[in-house]
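Reviewing the structure listed below.
A, B, ... follow the sequence lines: proteins, then strands. Residue 1 opens every chain. We use all heavy atoms of the structure for the numbers below, so side chains are in, but hydrogens, waters and symmetry mates are not.
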2 protein chains.
Amino acid sequence: MLDEIIAKITSQYDTLSNEIIEEWKSDILMLELEKGTQLVREGSYTNKLFYIYKGSAKAYHLKDGKAIADWFSFEHEFICAITGYFLGHPSEHYIELTEDSILLEFNRKHINILSNKYHDFERFTRNAITKIMLQLQKRVVYLQFSTAKERYDFLLKEYPKIELHISLGDIASYIGITQETLSRIRAQK
Amino acid sequence: MLDEIIAKITSQYDTLSNEIIEEWKSDILMLELEKGTQLVREGSYTNKLFYIYKGSAKAYHLKDGKAIADWFSFEHEFICAITGYFLGHPSEHYIELTEDSILLEFNRKHINILSNKYHDFERFTRNAITKIMLQLQKRVVYLQFSTAKERYDFLLKEYPKIELHISLGDIASYIGITQETLSRIRAQK
DNA sequence: AGTCGAATTTGATCTATATCAAAAGATTTC
DNA sequence: GAAATCTTTTGATATAGATCAAATTCGACT
């Protein structure tokens with residue numbers, strides 16, 4: 001099963017040689033965890049990167065005591081506590097499963113070792129980061145200047161089935177509006 | 001002078017061998033252009049990446065006929081029409097110099113050739129993209145849920161001297177508020 | 001199946017910021 | 001250096017969406 005998942009991951013980016021994949025596999029954890037499990041807590045040092053095989057997860061932070069969603073990850077996507085992972089700072093984010101999930105856990109050190117050792121793996125990580133960067137760029141554009149309804153419509157275009165997996169409150173905070181406002185937008189559809 | 005600039009760039013990320021630098025130099029254009037010059041226009045295909053050595057530039061797009069700033073770049077920073085460059089789509093952005101500037105122009109094809117040929121160069125580009133990604137992440141956080149004043153304070157912390165280089169209207173659109181609101185925030189300092 | 005707690009909806013009110021308009025200041029141009 | 005143009009400020013008003021509060025619906029657990 002792990003082979004199958006890795007085949008799926010590499011098909012999304014670049015093909016990697018068997019040699020690289022074998023070495024990579026030696027340090028991957030496969031986890032099956034239930035909804036609500038916290039993978040990362042705010043303030044902790046984290047060097048973990050997750051790949052969702054089944055299920056979904058969210059990264060969020062607290063502002064004035066309220067949870068604000070920062071990143072959702074669904075099947076075949078990565079998620080990490082972004083500043084913690086890339087900068088080595090204590091995490092500003094929590095990561096929590098929003099459904100019962102099967103996921104892979106990678107370790108930053110091991111990823112870096114592989115990136116340094118294999119040019120192909122370095123390219124692979126660059127492509128993964130580029131994808132995250134472009135997703136963030138899209139979010140900036142619609143957070144900058146658009147109405148609550150435009151934000152919601154944009155999100156639905158990106159993730160048509162998000163409602164099946166993520167609660168209204170989390171969706172609202174992700175697009176920068178209150179849950180009451182989102183509820184009213186939904187009502188008039 | 002080109003050598004000096006390249007030394008500065010690589011010192012910000014990773015050291016590159018002389019061999020790589022020589023090959024890289026063979027396809028770099030150095031430009032001295034005046035304020036207001038448009039480097040990229042909306043709708044055009046663009047495979048150019050710029051590095052600001054002196055001066056500054058902005059990327060912006062039009063929404064309902066109004067210019068909305070997406071990215072500022074100051075001395076020793078990169079700028080490109082992000083979706084055009086990374087996805088090969090017609091550009092959604094304009095890029096324009098906000099001051100008389102000296103800049104380097106790189107070509108995507110050449111960058112990609114170097115990245116494929118040299119592992120060290122691949123790592124260098126990954127680091128540059130990671131930096132852009134982290135900048136975008138920070139912007140998302142403050143655009144998501146903060147008041148006009150919080151956004152402005154945050155921007156000033158990031159770029160204390162931005163006022164010397166960028167007009168009030170551009171700054172306002174960058175943080176997602178109107179210029180009248182920004183003017184009033186400034187007034188009560 | 002019924003109970004309890006959480007999530008969502010609905011209602012009433014408030015407020016930060018947008019919008020529209022015009023004046024005041026800067027900067028560029030010939 | 002006066003005219004023209006662009007940028008910033010100030011004022012008056014409108015409004016999208018926040019906030020506060022309560023009712024309703026949903027879902028998990030015994």
Between [atom2] on [N] and [atom1] on [X], what's the gap in Å once rounded to a whole number?
X	N	atom1	atom2	value
A:Glu163	C:dA7	CD	P	16 Å
A:Asp170	C:dA6	CG	P	15 Å
B:Gln144	D:dG17	CD	P	16 Å
B:Leu168	C:dT27	CG	C1'	16 Å
A:His165	C:dA7	NE2	P	18 Å

For A:Thr130 and A:Arg126, indicate whether the former's side chain and the latter's backbone hold a donor-acceptor pair under 3.5 Å. yes
Does A:Trp24 form a ring pair (Phe, Tyr, Trp, His ring centres under 6.0 Å) with A:Tyr118? I'd like the steps, not just the answer. CA-CA 11 Å; A:Trp24 190 18; A:Tyr118 299 107; over 10 Å; no
Salt-bridge test for A:Lys54 and A:Asp100: reply yes if a basic N is under 4.0 Å from a carboxylate O, no otherwise.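 Not counted as a salt bridge, because no side-chain N and carboxylate O are separated by less than 4.0 Å.
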Under 4.0 Å between a Lys/Arg side-chain N and an Asp/Glu carboxylate O for A:Asp153 and A:Lys149?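 Yes, A:Asp153 and A:Lys149 are salt-bridged.
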Every protein N/O within reach of nucleotides 25-30 of chain D N/O, cut-off under 3.5 Å:
none

Under 4.0 Å, counting only non-hydrogen atoms across every strand here, what does B:Ser167 touch: a base, just sugar-phosphate, or nothing? sugar-phosphate
Enumerate the salt bridge (charged side-chain N to carboxylate O under 4.0 Å, His left out) contacts for residues 107-117 of chain A, please, sequence neighbours excluded, ordered by first and then second residue. A:Glu23-A:Lys117
When the ring centroid of B:Phe74 is compared with that of B:Tyr159, is the distance short of 6.0 Å? yes
We want to know whether B:Tyr94 and B:Gln38 form a side-chain donor-acceptor pair, criterion being a heavy-atom distance below 3.5 angstrom. no
Going by atom types only, do B:His76 and B:Tyr51 share a side-chain donor-acceptor pair under 3.5 Å?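 Distance-only check passes for B:His76 and B:Tyr51.
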The contact string for nucleotides 14-23 of chain C, one letter per nucleotide 5' to 3', using protein heavy atoms under 4.0 Å with B, S and - for base, sugar-phosphate only and none, comes out as ---SSBB---
